[in-house]
*Asks:* 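Please see the structure below; I have some questions.
As the structure lists them, so they are numbered: ligands from 1, and atoms in each ligand from 1. As the structure is a prediction and not an experimental result, all values here were calculated from the model.
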Amino acid sequence: MRLVLVGPPGAGKGTQAALLSRKLAVPHISTGDLFRQHINDRTPLGREAERYLDVGELVPDHITNDMVRRRLAEDDAREGFLLDGFPRTLQQVDVLSDILAENGAELNAVLEFSVPEHIVVARLLSRGRPDDTEDLIKHRQQVYRDETAPLLDSYTGIHVKVHAVGPVEEIAERVLGTIAMPHRTSRAREKPQVRRP
Ligand code: AMP
(Lines give C-alpha, C1' and ligand atoms only; values in the text may rest on other atoms or scores of the structure.)
Protein backbone atom coordinates (compact mmCIF):
# COMPACT_ATOMS: atom_id res chain seq x y z
CA MET A 1 0.00 0.00 0.00
CA ARG A 2 1.48 3.31 -1.09
CA LEU A 3 -0.28 6.35 0.25
CA VAL A 4 0.40 10.06 0.27
CA LEU A 5 -1.11 12.34 2.90
CA VAL A 6 -1.66 15.96 1.93
CA GLY A 7 -3.17 18.68 4.08
CA PRO A 8 -2.46 22.04 5.67
CA PRO A 9 -0.16 22.21 8.69
CA GLY A 10 -2.24 21.21 11.71
CA ALA A 11 -4.61 18.94 9.76
CA GLY A 12 -3.55 16.00 11.94
CA LYS A 13 -1.62 14.17 9.22
CA GLY A 14 1.17 13.12 11.56
CA THR A 15 -1.20 11.62 14.14
CA GLN A 16 -3.20 9.80 11.48
CA ALA A 17 -0.09 8.64 9.68
CA ALA A 18 1.29 7.06 12.86
CA LEU A 19 -1.99 5.23 13.47
CA LEU A 20 -2.48 4.15 9.86
CA SER A 21 1.11 2.99 9.57
CA ARG A 22 0.44 0.50 12.39
CA LYS A 23 -2.89 -0.61 10.93
CA LEU A 24 -1.54 -1.02 7.42
CA ALA A 25 1.93 -2.27 8.40
CA VAL A 26 3.81 0.23 6.22
CA PRO A 27 6.41 2.74 7.39
CA HIS A 28 5.36 6.30 8.17
CA ILE A 29 7.74 8.60 6.31
CA SER A 30 7.38 12.23 7.33
CA THR A 31 9.69 14.72 5.64
CA GLY A 32 9.14 17.17 8.52
CA ASP A 33 10.26 14.48 11.00
CA LEU A 34 13.26 13.58 8.82
CA PHE A 35 14.33 17.23 8.72
CA ARG A 36 13.86 17.63 12.48
CA GLN A 37 15.93 14.48 13.06
CA HIS A 38 18.74 15.88 10.89
CA ILE A 39 18.53 19.19 12.78
CA ASN A 40 18.76 17.37 16.14
CA ASP A 41 21.70 15.32 14.89
CA ARG A 42 23.37 18.47 13.57
CA THR A 43 24.09 16.93 10.19
CA PRO A 44 25.05 19.18 7.24
CA LEU A 45 21.58 18.57 5.77
CA GLY A 46 20.05 19.56 9.11
CA ARG A 47 22.04 22.80 9.25
CA GLU A 48 20.90 23.66 5.73
CA ALA A 49 17.24 22.73 6.34
CA GLU A 50 17.01 24.54 9.68
CA ARG A 51 17.14 27.95 8.01
CA TYR A 52 13.92 27.14 6.17
CA LEU A 53 12.04 25.41 8.97
CA ASP A 54 12.80 28.38 11.25
CA VAL A 55 10.97 30.76 8.93
CA GLY A 56 8.18 28.45 7.75
CA GLU A 57 9.51 28.18 4.19
CA LEU A 58 9.79 25.01 2.18
CA VAL A 59 13.23 23.43 2.08
CA PRO A 60 14.50 23.64 -1.54
CA ASP A 61 13.35 20.79 -3.75
CA HIS A 62 16.79 19.34 -4.51
CA ILE A 63 17.59 18.85 -0.81
CA THR A 64 14.15 17.41 -0.03
CA ASN A 65 14.06 15.16 -3.08
CA ASP A 66 17.48 13.63 -2.36
CA MET A 67 16.50 12.91 1.22
CA VAL A 68 13.22 11.27 0.17
CA ARG A 69 14.87 9.29 -2.60
CA ARG A 70 17.32 7.84 -0.08
CA ARG A 71 14.61 7.06 2.43
CA LEU A 72 12.37 5.34 -0.12
CA ALA A 73 15.31 3.18 -1.20
CA GLU A 74 15.48 1.61 2.27
CA ASP A 75 14.26 -1.95 2.64
CA ASP A 76 11.22 -1.27 4.78
CA ALA A 77 9.71 1.02 2.12
CA ARG A 78 9.94 -1.51 -0.67
CA GLU A 79 6.43 -2.94 -0.27
CA GLY A 80 4.68 0.22 0.74
CA PHE A 81 4.79 3.48 2.65
CA LEU A 82 2.77 6.32 3.97
CA LEU A 83 4.28 9.58 2.84
CA ASP A 84 3.40 12.47 5.15
CA GLY A 85 4.35 15.94 3.94
CA PHE A 86 5.78 14.93 0.58
CA PRO A 87 5.23 15.91 -2.19
CA ARG A 88 4.64 19.56 -1.37
CA THR A 89 5.50 21.12 -4.74
CA LEU A 90 4.84 20.22 -8.35
CA GLN A 91 8.51 19.44 -8.83
CA GLN A 92 8.34 16.97 -5.95
CA VAL A 93 5.31 15.37 -7.63
CA ASP A 94 7.46 14.72 -10.69
CA VAL A 95 10.33 13.31 -8.63
CA LEU A 96 8.00 10.99 -6.74
CA SER A 97 6.49 9.68 -9.96
CA ASP A 98 10.01 9.09 -11.33
CA ILE A 99 11.00 7.14 -8.20
CA LEU A 100 7.82 5.07 -8.42
CA ALA A 101 8.28 4.40 -12.14
CA GLU A 102 11.87 3.27 -11.53
CA ASN A 103 10.50 0.70 -9.10
CA GLY A 104 7.51 -0.28 -11.23
CA ALA A 105 5.27 0.91 -8.40
CA GLU A 106 2.14 3.06 -8.22
CA LEU A 107 0.40 5.12 -5.58
CA ASN A 108 -2.85 3.65 -4.30
CA ALA A 109 -4.30 6.93 -3.07
CA VAL A 110 -3.52 10.54 -2.28
CA LEU A 111 -5.50 11.47 0.81
CA GLU A 112 -6.31 15.13 1.25
CA PHE A 113 -7.00 16.00 4.88
CA SER A 114 -9.60 18.70 4.84
CA VAL A 115 -9.96 20.84 7.98
CA PRO A 116 -11.30 24.42 8.28
CA GLU A 117 -8.48 26.93 8.74
CA HIS A 118 -9.62 28.24 12.15
CA ILE A 119 -9.41 24.69 13.54
CA VAL A 120 -5.91 24.00 12.23
CA VAL A 121 -4.65 27.33 13.55
CA ALA A 122 -6.08 26.62 17.02
CA ARG A 123 -4.53 23.12 17.00
CA LEU A 124 -1.11 24.46 16.04
CA LEU A 125 -1.18 27.20 18.65
CA SER A 126 -1.78 24.57 21.33
CA ARG A 127 0.97 22.26 19.98
CA GLY A 128 3.79 24.69 20.69
CA ARG A 129 6.49 23.55 18.26
CA PRO A 130 9.18 26.21 17.60
CA ASP A 131 7.62 26.94 14.18
CA ASP A 132 4.14 27.26 15.70
CA THR A 133 4.10 31.00 16.43
CA GLU A 134 1.06 32.85 15.08
CA ASP A 135 2.97 34.58 12.26
CA LEU A 136 4.72 31.41 11.15
CA ILE A 137 1.47 29.44 11.28
CA LYS A 138 -0.21 32.00 9.00
CA HIS A 139 2.76 31.92 6.66
CA ARG A 140 2.83 28.11 6.48
CA GLN A 141 -0.91 28.06 5.69
CA GLN A 142 -0.23 30.51 2.86
CA VAL A 143 2.63 28.35 1.56
CA TYR A 144 0.25 25.35 1.65
CA ARG A 145 -2.44 27.20 -0.33
CA ASP A 146 0.02 28.58 -2.90
CA GLU A 147 2.44 25.73 -3.42
CA THR A 148 0.96 22.49 -2.16
CA ALA A 149 -2.83 22.52 -2.65
CA PRO A 150 -2.50 22.93 -6.47
CA LEU A 151 -0.59 19.65 -6.75
CA LEU A 152 -3.76 17.70 -5.89
CA ASP A 153 -4.87 18.32 -9.50
CA SER A 154 -2.03 16.04 -10.59
CA TYR A 155 -3.70 13.09 -8.89
CA THR A 156 -7.04 12.87 -10.66
CA GLY A 157 -8.55 9.46 -10.04
CA ILE A 158 -6.61 8.67 -6.86
CA HIS A 159 -7.18 11.93 -4.97
CA VAL A 160 -9.52 11.28 -2.05
CA LYS A 161 -10.74 14.04 0.23
CA VAL A 162 -11.10 13.06 3.88
CA HIS A 163 -13.07 15.14 6.36
CA ALA A 164 -10.46 15.27 9.11
CA VAL A 165 -12.38 16.76 12.04
CA GLY A 166 -13.40 14.47 14.90
CA PRO A 167 -11.93 11.75 17.10
CA VAL A 168 -8.64 10.31 15.80
CA GLU A 169 -9.98 6.72 15.54
CA GLU A 170 -13.04 7.86 13.60
CA ILE A 171 -10.93 9.73 11.10
CA ALA A 172 -8.73 6.63 10.69
CA GLU A 173 -11.86 4.55 9.98
CA ARG A 174 -12.94 7.10 7.38
CA VAL A 175 -9.55 6.81 5.73
CA LEU A 176 -9.58 3.02 5.77
CA GLY A 177 -13.11 3.10 4.36
CA THR A 178 -11.91 5.07 1.36
CA ILE A 179 -9.13 2.64 0.55
CA ALA A 180 -10.81 -0.64 1.46
CA MET A 181 -12.94 -2.99 -0.61
CA PRO A 182 -16.66 -2.71 0.16
CA HIS A 183 -16.98 -6.14 1.88
CA ARG A 184 -14.82 -5.72 4.90
CA THR A 185 -14.63 -8.31 7.63
CA SER A 186 -13.12 -7.44 10.98
CA ARG A 187 -9.89 -9.03 9.79
CA ALA A 188 -9.98 -7.11 6.53
CA ARG A 189 -10.40 -4.00 8.66
CA GLU A 190 -6.88 -4.55 9.98
CA LYS A 191 -5.39 -5.06 6.54
CA PRO A 192 -7.77 -3.58 4.02
CA GLN A 193 -7.59 -4.68 0.44
CA VAL A 194 -6.81 -2.10 -2.11
CA ARG A 195 -9.13 -0.72 -4.69
CA ARG A 196 -6.72 -0.22 -7.57
CA PRO A 197 -7.02 3.20 -9.13
P1 AMP B 1 5.80 19.40 8.81
O2 AMP B 1 6.35 18.65 9.96
O3 AMP B 1 5.26 18.53 7.71
O4 AMP B 1 4.82 20.49 9.21
O5 AMP B 1 7.04 20.17 8.14
C6 AMP B 1 7.79 21.11 8.87
C7 AMP B 1 8.68 21.93 7.93
O8 AMP B 1 9.58 21.05 7.25
C9 AMP B 1 7.95 22.68 6.82
O10 AMP B 1 7.44 23.92 7.25
C11 AMP B 1 9.08 22.84 5.81
O12 AMP B 1 9.99 23.84 6.21
C13 AMP B 1 9.82 21.51 5.93
N14 AMP B 1 9.28 20.49 5.00
C15 AMP B 1 8.62 19.35 5.32
N16 AMP B 1 8.29 18.65 4.22
C17 AMP B 1 8.76 19.37 3.16
C18 AMP B 1 8.73 19.18 1.75
N19 AMP B 1 8.13 18.11 1.19
N20 AMP B 1 9.32 20.13 0.99
C21 AMP B 1 9.93 21.19 1.53
N22 AMP B 1 9.97 21.44 2.84
C23 AMP B 1 9.39 20.54 3.66
Side-chain angles (χ1 to χ4, degrees), residues 2-21 27-74 77 81-100 107 110-115 117 119-155 159 162 164 168 171 175:
R2 294 179 181 83
L3 299 175
V4 165
L5 268 53
V6 180
K13 298 188 299 295
T15 310
Q16 277 304 314
L19 193 70
L20 291 167
S21 131
H28 168 202
I29 300 177
S30 152
T31 41
D33 287 350
L34 290 173
F35 283 131
R36 282 183 289 274
Q37 189 63 51
H38 276 282
I39 292 170
N40 269 338
D41 296 346
R42 303 188 183 285
T43 67
L45 193 155
R47 276 197 291 276
E48 181 72 19
E50 191 167 23
R51 303 193 275 138
Y52 300 95
L53 272 83
D54 280 351
V55 292
E57 292 288 344
L58 294 182
V59 178
D61 283 335
H62 68 279
I63 300 176
T64 310
N65 290 332
D66 285 353
M67 180 178 77
V68 170
R69 190 178 267 285
R70 280 199 301 274
R71 180 64 188 88
L72 289 181
E74 288 176 28
F81 51 74
L82 227 157
L83 265 179
D84 161 12
F86 184 92
R88 251 165 150 118
T89 66
L90 286 167
Q91 215 231 341
Q92 294 178 11
V93 168
D94 289 343
V95 167
L96 179 59
S97 62
D98 287 349
I99 297 173
L100 290 165
L107 291 177
V110 174
L111 303 168
E112 177 193 358
F113 278 51
S114 153
V115 183
E117 184 154 333
I119 296 184
V120 293
V121 171
R123 275 189 196 164
L124 291 174
L125 283 171
S126 68
R127 187 170 73 173
R129 223 168 64 186
D131 56 349
D132 285 340
T133 63
E134 199 156 355
D135 282 353
L136 280 184
I137 288 171
K138 281 202 188 117
H139 183 61
R140 277 154 57 228
Q141 300 293 336
Q142 188 69 44
V143 169
Y144 176 77
R145 280 194 298 271
D146 293 347
E147 304 207 36
T148 304
L151 68 79
L152 289 163
D153 290 341
S154 315
Y155 290 116
H159 167 204
V162 179
V168 173
I171 299 170
V175 170

*Asks:* Can a non-hydrogen atom of Arg129 be found less than 4.0 Å from any atom of ligand 1?
*Replies:* yes
*Asks:* How does Gln92 reach ligand 1, by side chain, by backbone, by both or by neither, if only non-hydrogen atoms under 4.0 Å count?
*Replies:* side chain
*Asks:* For ligand 1, which atoms have a heavy atom of Thr64 less than 4.0 angstrom away?
*Replies:* 18 (C), 19 (N), 20 (N), 21 (C)
*Asks:* Taking 4.0 angstrom as the limit, do Lys138 and Glu117 come out as a salt bridge?
*Replies:* no
*Asks:* Regarding Glu57 and His139, do their side chains bring together a donor and an acceptor under 3.5 Å, going by distance alone?
*Replies:* yes
*Asks:* Does the side chain of Leu124 come within less than 4.5 Å of Gln141's, by heavy atoms?
*Replies:* yes
*Asks:* Applying side-chain contact (heavy atoms from CB on, under 4.5 Å), run through Leu3 and Phe81 and close with a yes or a no.
*Replies:* CA-CA 6 Å; Leu3 299 175; Phe81 51 74; over 6 Å; no
*Asks:* Return the closest protein heavy atom for atom 15 (C) of ligand 1 as residue, atom name and distance.
*Replies:* Arg88 NH1, 3.3 Å
*Asks:* Please identify which atoms of ligand 1 are closer than 4.0 Å to at least one heavy atom of Thr31.
*Replies:* 15 (C), 16 (N), 17 (C), 19 (N)
*Asks:* Among protein heavy atoms, which sits nearest to atom 22 (N) of ligand 1, and what does the distance come to when rounded to 0.1 Å?
*Replies:* Val59 N, 3.0 Å
*Asks:* Atom 23 (C) of ligand 1: which protein heavy atom is closest, and how many Å away?
*Replies:* Phe35 CE1, 3.7 Å
*Asks:* Of the options Leu111, Leu152, Leu96, Leu151, which is the one that meets Val4 in a side-chain contact (heavy atoms from CB on, under 4.5 Å)?
*Replies:* Leu96
*Asks:* Which heavy atom of the protein is the closest neighbour of atom 12 (O) of ligand 1, given with residue, atom name and distance?
*Replies:* Glu57 O, 2.6 Å
*Asks:* Run the side-chain contact (heavy atoms from CB on, under 4.5 Å) check on Leu90 and Ser154 step by step: do they pass?
*Replies:* CA-CA 8 Å; Leu90 286 167; Ser154 315; 3.7 Å; yes
*Asks:* Within a distance under 4.0 Å of any heavy atom of Gly85, pick out the atoms of ligand 1 and give their elements.
*Replies:* 16 (N), 17 (C), 18 (C), 19 (N)
*Asks:* Nearest 0.5 Å please: distance from the CG atom of Asp54 over to the CG atom of Asp131.
*Replies:* 8.0 Å
*Asks:* Quick check on contacts: which atoms of ligand 1 are under 4.0 angstrom from a heavy atom of Arg36?
*Replies:* 2 (O), 6 (C)
*Asks:* Where is the nearest protein heavy atom to atom 8 (O) of ligand 1: which residue, which atom, and how far?
*Replies:* Leu53 CG, 3.5 Å
*Asks:* Between Arg69 and Asp98, does any side-chain N to carboxylate O distance fall below 4.0 Å?
*Replies:* no
*Asks:* Does Lys13 have a non-hydrogen atom less than 4.0 Å from ligand 1?
*Replies:* no
